[in-house]
J.: 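Have a look at this one.
If you're wondering where the values come from, they're calculated on a predicted model, not measured in any experiment.
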Amino acid sequence: MANPKKRRKFFVFSAIIVVLAGLTLVAIFKKRKPVITVQTEKVTLRNITETVIANGQIQPVKQVVISPEVAGEITALPVKEGDRVKKGDLLVQIKPDNYIASRNSADAQYKSAIASKELAKAQLVKAETEYNRNQELFSNKLISASAFLDFKTQYEVAKLQYENAIHLEDQAKFGLDKAKDDLSKTTIVAPMDGTITRLESQPGERVLGTSFNMGTEIMTISDLNEMEALVDIGEMDVVLLKPGQKARLDVDAFKDRKFSGVITEIAISAKGSGLSAAQAANNSSQEATKFEAHIRVNEKDNLRPGMSVTAEIETRSRTNVLAVPIASVTMRIPKQNKADDFSANAEEDTNSAGSDKKSKEPPKQEYVVFVVEGDHVKMRPVKIGISDDDYYEITEGLKEGEKVVSGSYRAINHDLNDGTKITEAGSNRRRKKL
């Protein structure tokens, strides 16, 4: 009987020892930090050029919208879209019949005003002569004062009538000049050398003049020898731009070619800033604030107005500066800030017993990189400068030759912490985009 009892106790103690050993191993494995596989790259000196990307359209530097200054029917339109014209070439003829009649009427009124002025001048000479003669008679007391006053009044009236006739002549002359000018505006000629890039009207169509309204846009003449890109710049980037900066242009119609350009003009006001308050509020709710920039295209090629373009504008450049891959930089709360925050919260909890607790701002995140030190990483705060497509400029926090984690994205932005053990899987050098 003793042997079975001893064997039973042996099995029970053995089972207890196995369970305890298993629990111990589980605890040990739980405490052990996992080793994370990462890619690394050394901190090196590089040349970095910061760029701003903007989209827009190709437009001629110089173009003129042709709208008539007088209304009427188009009787001649000797050009079509795509035609090249020279300065002074006939573009549009508007039916001149009504304007010829107005010119003839104004001419007749002007001639009548001239005749009236000459008549008033003759009457003035006569009245002046009578006044001078009777003034002498009145001085010798040969006529009465009332009779002399009549002659004086007639003379004054004649002077006023002559002055009025002069003004009427001037007014008639103005009317004739205007009628002649309106008649001349029925013929529209090219204001410059260029190409008809848009034609909106046809012969026989009635058009409105620009005297009292917007007028009818008949056509657009453009100088296709000088083209520019009109691109929209966000409000965060527009402060980085200035005239003279270089740009690379990708035109959708020329997929295998890049164009070069230079910024010539940057808008002072945002697009749509001239709208009413209601329009501006509605516009701002639909799209972000944009500023228009003009980029002169250096190459003279078969570019056409309205072509879509993407501009890469060089804003700032640095030579031989410390740089790390963009993927290496992330935002974290530095370890010392976390400890300080915990201590401050503990002290606040102790000192605020029985009183209202004041809200405390959360610690601010900083730019950090993970520096490789042996088989683990050290989280180090850094200050960044400009960047290009691949690298950040590091202005503070790193030295040349130090090794930083450059991948993977999950490791840098989630898994790694100060002191995390790692194993290197090779560098993650990214090829510079051309």
Side-chain angles (χ1 to χ4, degrees), residues 47-65 67 194 197-198 214 217 220-255 257-301 303-318 326 329 331 367 383-393 395 433-434:
N47 298 333
I48 297 180
T49 299
E50 187 178 60
T51 58
V52 171
I53 306 298
N55 297 314
Q57 291 184 330
I58 295 293
Q59 294 292 341
V61 174
K62 185 179 181 182
Q63 64 179 2
V64 178
V65 176
S67 296
T197 53
R198 187 175 63 179
M214 294 294 293
E217 293 185 3
T220 301
I221 301 178
S222 305
D223 181 3
L224 300 183
N225 292 321
E226 294 185 354
M227 306 294 283
E228 65 181 1
L230 302 183
V231 297
D232 292 334
I233 308 295
E235 59 183 321
M236 300 299 292
D237 294 326
V238 71
V239 294
L240 303 175
L241 269 58
K242 59 183 178 181
Q245 289 176 333
K246 297 179 180 180
R248 292 185 296 274
L249 306 174
D250 284 325
V251 182
D252 291 352
F254 297 85
K255 295 182 179 180
R257 182 177 178 185
K258 289 187 181 293
F259 296 82
S260 62
V262 177
I263 293 182
T264 57
E265 184 181 345
I266 305 166
I268 299 299
S269 301
K271 296 179 70 174
S273 58
L275 301 176
S276 65
Q279 291 173 324
N282 182 58
N283 186 60
S284 62
S285 64
Q286 296 178 354
E287 58 182 40
T289 303
K290 298 290 185 180
F291 292 79
E292 190 172 69
H294 296 240
I295 304 174
R296 181 74 60 87
V297 183
N298 294 330
E299 292 81 4
K300 299 183 185 299
D301 212 309
L303 296 174
R304 297 189 179 186
M307 285 183 171
S308 298
V309 62
T310 299
E312 186 177 349
I313 305 167
E314 299 179 1
T315 56
R316 294 179 292 184
S317 182
R318 300 286 187 272
I326 289 178
V329 182
M331 295 287 289
Y367 288 108
K383 291 185 178 180
I384 63 173
I386 67 172
S387 66
D388 58 16
D389 292 339
D390 300 307
Y391 290 90
Y392 269 125
E393 174 196 7
T395 61
K433 295 181 181 179
L434 299 178

J.: Hey, what do you get for CD (Glu228) to CD1 (Ile263), rounding to the nearest 0.5 Å?
T.: 12.0 Å
J.: With a 6.0 Å cut-off (strictly less than), is the heavy-atom count around CZ of Arg304, excluding the residue itself, greater than 12?
T.: no
J.: Are any non-hydrogen side-chain atoms of Ser260 and Glu299 less than 4.5 angstrom apart?
T.: yes
J.: Using the side-chain contact (heavy atoms from CB on, under 4.5 Å) rule, take Leu230 and His294 through it: C-alpha gap first, then chi angles, then the decisive distance, then the call.
T.: CA-CA 5 Å; Leu230 302 183; His294 296 240; 3.1 Å; yes
J.: Could you state the interatomic distance from CG (Asn47) to CZ (Arg318), rounded to the nearest 0.5 Å?
T.: 12.0 Å
J.: Considering all heavy atoms of both residues, which atom of Ile58 and which atom of Ala229 are nearest to each other, and what is their separation?
T.: CD1-CB, 4.1 Å
J.: Between Ala311 and Ile295, what is the shortest heavy-atom contact and its length?
T.: CB-CD1, 3.7 Å
J.: What's the separation between atom CD1 in Ile233 and atom CG in Leu240, rounded to the nearest 0.5 Å?
T.: 10.0 Å
J.: Quick one: are Met227 and Pro305 in side-chain contact, heavy atoms under 4.5 Å?
T.: yes
J.: So, for Ala270 and Thr289, which heavy atoms are closest and what is the spacing to 0.1 Å?
T.: CB-CG2, 3.5 Å
J.: Between Thr264 and Pro243, which heavy-atom pair has the shortest distance, and what is it?
T.: O-CB, 4.3 Å
J.: Quick check for you: to the nearest 0.5 Å, what is the distance between Ser222 atom OG and Gln59 atom CD?
T.: 7.5 Å
J.: Salt-bridge test for Glu314 and Arg248: reply yes if a basic N is under 4.0 Å from a carboxylate O, no otherwise.
T.: yes
J.: Among all residues two or more places apart in sequence or in another chain, which pass the ring-ring contact (aromatic ring centres under 6.0 Å, His included) test with Phe259?
T.: Phe254
J.: Quick one, Gln245 with Val262, criterion side-chain contact (heavy atoms from CB on, under 4.5 Å). Give me CA distance, side-chain angles, the key distance, then yes/no.
T.: CA-CA 6 Å; Gln245 289 176 333; Val262 177; over 6 Å; no
J.: Take a 6.0 Å sphere around CE of Met236 and say whether it holds more than 12 heavy atoms from other residues, nucleotides or ligands.
T.: no
J.: Can you see which heavy atom on Ile48 is nearest to which on Tyr392, and at what distance?
T.: CD1-C, 3.9 Å
J.: Contact between Asp223 and Val61 at the side-chain level, heavy atoms closer than 4.5 Å - yes or no?
T.: no
J.: With heavy-atom distances below 4.5 Å as the criterion, would you say the side chains of Asp388 and Thr49 are in contact?
T.: no
J.: For the pair Asp237 and Thr315, evaluate side-chain contact (heavy atoms from CB on, under 4.5 Å) and give the outcome as yes or no after the intermediate values.
T.: CA-CA 9 Å; Asp237 294 326; Thr315 56; over 6 Å; no
J.: Say you draw a straight line from CD1 of Ile266 to CG of Leu241; how long is it, rounded to the nearest 0.5 Å?
T.: 4.5 Å
J.: Could you pull out the closest heavy-atom pair between Val309 and Gln57, with the gap in Å?
T.: CG1-N, 3.7 Å
J.: Within a strict 4.5 Å, meaning less than it, do heavy atoms of the Phe291 and Glu235 side chains meet?
T.: yes
J.: Looking at Asn225, is its backbone amide N or carbonyl O close enough to the side chain of Lys300 to form a donor-acceptor pair, meaning the two atoms are under 3.5 Å apart?
T.: yes
J.: If I take atom CE from residue Met307 and atom CG from residue Asp252, how far apart are they, to the nearest 0.5 angstrom?
T.: 9.5 Å
